[in-house]
Amino acid sequence: MSIDNAKKLQPRASVPTEVRRGPFDPGGQPSLDRDHPLHLSLFAWNVRSGLAATKAVLTDEGRYADQWKWPASRDLLQAAERVGFDSQLQYGMWSGYGGETNWNGAALDFATGAAASAVATERLGLFTTVHVGYDFHPLLVAKITAATDHVSGGRLGVNIVAAYDLADYAQFGFGGKERDREADERGITRTSAERYAMADEFCTLLKYLWTSADPVDFEGEYFQAYGAQVNPRPTSDPRPLLMSAASSDLGIDFAARQCDAIFIAGLQSGGHSRDEVRASYATTAAKVRAAAESYGRKVRICGMCFVVMDETDERAATTMSWLENEIDVAAVTNLYGRYRGVPTDALPADVNENWIRNLGLGISGRQIVGSYETVANELADLHEAGVEHVAMCFWDPARSVEAFGEHVIPLLKERGLRH
Ligand SMILES: Cc1cc2nc3c(=O)[nH]c(=O)nc-3n(C[C@H](O)[C@H](O)[C@H](O)COP(=O)(O)O)c2cc1C
């Protein structure tokens, strides 16, 4: 049947879409206002071992590695909501990195994790992570996310990742006889330019589908849709927030055009003063803000942290040494190999011990290790540098979420970061 014939059978006429690429904000950008100066997200609760690739997790897997399993993760989300976190952010994974720990080897997917947390909580914001590149059609993602936003009463946001993982491209059939493609210089199945062009088009169609009362016709370079519609449309008005953690220039340009919240990274741990760390975040925050402003848009600046905390700096440092000594090098180098497209026995010289520790404990986000006071100070530094939203993955999540509520949130209140 031709497209024209198919459309005649639709209950409502469809509307041809005019825009293919961002900036595109039908109905305007959603409000970026926050209830508190520093928005707090619980991150990576939905994957095995979270951001910690360390054999230390094997000493008590239920506590350190399997917090993602339902109902442990339900309890964790409910605790996060009760003690005052603003939202959860899911880590998007389709396969793990192996090693002795089977790092990230199990995960609640973007749809189930978000829908389950919607019904398990009442107030918590919900950010789910979706990959563009593995050929999920935007209609599928629009349908699932709109329904989850509806079920949650408008609490959903979507983190868009331009997929880069070689093993996951293979899982979805790329490289096989039907979908063989020319890889980029890193050996990644799609070039960065293609990944971000796809992400851009994906977001445009997603926004049309979320906001249009009428069915839409969309003819893009990568995605087509005829008479496409989702109902229910999202409860969020005008639409759910979009988030991105892109870091390359191409990725930041995409995020500045289409997304509302952008993760930035600064100096990693190891020998930098507090001033240097603050300055590095402030520079990147200014660059990302300027990129969004150049398109007449605003963005919320976000940072990612891996937090190891205890009653004293010494105790937290002892725990961190344990995690570092037990780092699962095989799992970490697998991550690197899959991202860079290099075999794990041919890693470049810059993949040294420090680098492995940064990637294996917090996937190169800011490592915050110390007492409750130290954690509050470091978060205050990030906020001073322009970070408005932090996504935190905790070592020993169940204990740490409670301790964060009891000890750190009051300190953040004293510093004016929470009301
Ligand atoms: C806070 C944060 C969260 C991320 N979450 C995911 C994720 O859930 N799944 C994923 O595949 N990549 C994730 N990434 C990777 C980024 O989306 C991005 O691909 C990576 O930083 C490389 O950026 P580039 O594509 O611009 O080079 C995350 C990165 C950061 C900093």
Side-chain angles (χ1 to χ4, degrees), residues 39-51 68 87-97 103-104 107-111 113-114 126-134 136 157-169 171-172 184-186 188-200 202-203 242-259 261-266 268 281 284-285 287-288 291 300-307 334-336 338-341 358-359 362-368 382 387-393:
H39 180 107
L40 304 171
S41 287
L42 176 69
F43 183 36
W45 58 272
N46 63 311
V47 291
R48 179 175 160 85
S49 306
L51 303 187
W68 64 272
S87 61
Q88 60 87 349
L89 169 58
Q90 285 170 229
Y91 196 50
M93 294 293 303
W94 291 95
S95 56
Y97 298 112
W103 186 28
N104 292 177
L108 294 179
D109 63 88
F110 81 94
L126 318 165
F127 287 99
T128 193
T129 295
V130 174
H131 289 94
V132 178
Y134 303 142
F136 310 151
V158 181
N159 177 31
I160 301 284
V161 176
Y164 51 81
D165 191 302
L166 272 180
D168 286 344
Y169 273 109
Q171 282 206 91
F172 284 105
D184 77 348
E185 67 290 351
R186 289 187 291 184
I188 292 185
T189 308
R190 296 183 188 278
T191 62
S192 289
E194 186 179 20
R195 294 187 296 122
Y196 282 111
M198 286 182 83
D200 195 350
F202 187 99
C203 289
L242 286 179
M243 177 178 261
S244 171
S247 55
S248 55
D249 287 346
L250 271 176
I252 290 172
D253 185 62
F254 147 73
R257 275 181 287 124
Q258 292 282 26
C259 300
I262 304 184
F263 278 91
I264 61 163
Q268 290 169 10
Y281 274 86
T284 317
K287 176 178 157 188
V288 168
R300 179 190 289 180
I301 302 290
C302 310
M304 174 184 59
C305 306
F306 176 67
V307 182
N334 270 341
L335 185 163
Y336 184 88
R338 280 164 50 168
Y339 176 50
R340 291 281 169 187
N358 276 319
L359 193 59
I363 56 163
S364 304
R366 180 89 197 132
Q367 292 173 346
I368 301 186
L382 289 179
V387 174
E388 302 161 290
H389 176 154
V390 278
M392 291 175 288
C393 177

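Both ligands and their constituent atoms are indexed starting at 1 by order of listing.
- Not a single N or O atom of Gln90, backbone or side chain, sits closer than 3.5 Å to an N or O atom of ligand 1.
- Distance alone, capped at 3.5 Å, places no donor-acceptor pair between the Arg190 side chain and the Arg195 backbone.
- In this pair, Phe263 and Phe43 present their aromatic rings parallel. The plane angle is below 30°, not in the 30 to 60° band.
- Residue-to-ligand polar distances place Ala245 within reach of ligand 1: an N/O pair is separated by less than 3.5 Å.
- Between Lys287 and Asp249, some side-chain heavy-atom pair lies under the 4.5 Å cut-off.
- Taken from NE2 in His389 to CE in Met243, the straight-line distance is 4.0 Å, to the nearest 0.5 Å.
- The atoms of ligand 1 that sit less than 4.0 Å from any heavy atom of Met304 are 1 (C), 2 (C), 31 (C).
- Of all the heavy atoms of Tyr196, the ones lying under 4.0 Å from any atom of ligand 1 belong exclusively to the side chain.
- For a threshold of 3.5 Å applied to N or O pairs, the pair formed by Ala246 and ligand 1 contains no separation below that value.
- Aromatic rings of Phe172 and His131 (six-membered ring for Trp) have centroids beyond the 6.0 Å cut-off, not under it.
- Just one residue in the list Thr128, Thr129, Leu242 forms a side chain to side chain contact (heavy atoms under 4.5 Å, CB included) with Asn159, and that residue is Thr129.
- Considering backbone and side-chain N/O of His131, one or more are found under 3.5 Å from N/O of ligand 1.
- With Trp94, Phe110, Tyr164 as candidates, the residue nearest to atom 14 (N) of ligand 1 on a non-hydrogen basis is Tyr164.
- If you number the atoms of ligand 1 from 1 as listed, the ones under 4.0 Å from a heavy atom of Phe43 come out as 3 (C).
- Taking every heavy atom of Tyr339 and a limit of under 4.0 angstrom, the matching atoms of ligand 1 come to 22 (C), 27 (O).
- In this structure, Asn46 contributes its side chain and Tyr91 its backbone to a donor-acceptor pair below 3.5 Å.
- Contact analysis leaves Ala391 out of contact with ligand 1, as no non-hydrogen atom separation drops below 4.0 angstrom.
- Contacts with ligand 1 closer than 4.0 Å are made by heavy atoms of both the backbone and the side chain of Tyr91.
- Note: Tyr97 and Trp103 have tilted aromatic rings, judged against thresholds of 30 and 60 degrees for the angle between ring planes.
- Rounded to the nearest 0.5 angstrom, Gln171 CD and Asp165 CG are separated by 8.5 Å.
- Listed by atom number, the atoms of ligand 1 under 4.0 Å from Arg195 heavy atoms are 25 (O).
- Proximity of Phe127 to ligand 1, defined as any heavy-atom pair under 4.0 Å, is not found for any part of the residue.
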